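One structure is given below, encoded as structure tokens.
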Amino acid sequence: MKPLYIGLFLLCLSFNSFGQKKSARWYKEATVELNNGSILKGKLLESSDDIIKIEILGGSIFVYPRSEVNSV
């Protein structure tokens with residue numbers, strides 16, 4: 001019975017480590033700070049003189065005019 005519990009425990013650990021690798025891979029991120037103090041972290045999709053477009057972890061995409069962005 002003990003080897004079964006040890007095997008299940010090790011299986012659970014492997015699932016946890018796979019989840020961390022996936023999120024770590026996604027988190028090659030940009031940080032966008034807005035003039036109102038908000039901070040967005042995600043994948044920078046577009047950065048031009050006019051707009052900043054960023055996709056956050058849930059898949060939502062935000063587009064801000066450069067005038068509202070403090071720093072990238």
Side-chain angles (χ1 to χ4, degrees):
M1 195 69 168
K2 217 175 196 179
L4 177 66
Y5 288 129
I6 293 172
L8 288 174
F9 177 73
L10 292 175
L11 184 65
C12 290
L13 285 179
S14 67
F15 286 141
N16 189 21
S17 67
F18 285 130
Q20 289 176 354
K21 288 180 186 175
K22 181 179 178 187
S23 64
R25 202 175 320 134
W26 192 89
Y27 264 88
K28 292 181 180 175
E29 66 181 22
T31 301
V32 176
E33 184 179 344
L34 302 178
N35 291 336
N36 66 9
S38 298
I39 296 175
L40 299 167
K41 293 184 179 184
K43 183 178 178 184
L44 190 63
L45 299 176
E46 185 177 339
S47 177
S48 68
D49 292 337
D50 300 325
I51 65 166
I52 294 290
K53 187 185 289 188
I54 187 168
E55 179 181 3
I56 61 173
L57 183 58
S60 299
I61 297 175
F62 294 94
V63 180
Y64 293 98
R66 268 292 186 174
S67 60
E68 291 185 21
V69 176
N70 189 23
S71 66
V72 179

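For this chain, numbers begin at 1 and follow the sequence in order. Only a predicted model underlies this, so the values are computations on that prediction, with no experimental measurement involved.
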Exercise. Between Leu40 and Thr31, is a side-chain contact (heavy atoms from CB on, under 4.5 Å) present by the stated rule, with each step listed?
Worked result: CA-CA 6 Å; Leu40 299 167; Thr31 301; over 6 Å; no

Problem set entry | Intermediate values then yes/no, side chain to side chain donor-acceptor pair (under 3.5 Å), Ser38 and Asn36 | CA-CA 6 Å; Ser38 298; Asn36 66 9; 3.0 Å; yes

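Each of Leu34 and Ile51 belongs to its own hydrophobic cluster when Ile, Leu, Val, Met, Phe, Trp and Tyr are linked at side-chain heavy-atom distances under 4.5 angstrom. Grouping the Ile, Leu, Val, Met, Phe, Trp and Tyr side chains by contacts below 4.5 angstrom, directly or via other members, places Leu45 apart from Val69. In terms of hydrophobic clustering, with Ile, Leu, Val, Met, Phe, Trp and Tyr side chains grouped at heavy-atom distances under 4.5 Å, Leu44 and Ile61 are assigned to different clusters.
We find the CD1-NZ distance between Ile56 and Lys41 to be 13.0 Å, quoted to the nearest 0.5 Å. For the atom pair OG of Ser48 and CZ of Arg66, the computed distance is 7.0 Å after rounding to the nearest 0.5 Å. Within the model, atoms CD1 of Ile39 and OG of Ser71 stand 8.0 Å from one another, a figure rounded to the nearest 0.5 Å. In this structure, the separation between CD on Glu55 and CZ on Phe62 is 10.5 Å, given to the nearest 0.5 Å.
Under a 3.5 Å cut-off, the side chain of Asn70 and the backbone N or O of Gly37 do not form any donor-acceptor pair.
In terms of heavy atoms, Ile52 sits closest to Ser47 at CD1-OG, 3.4 Å.
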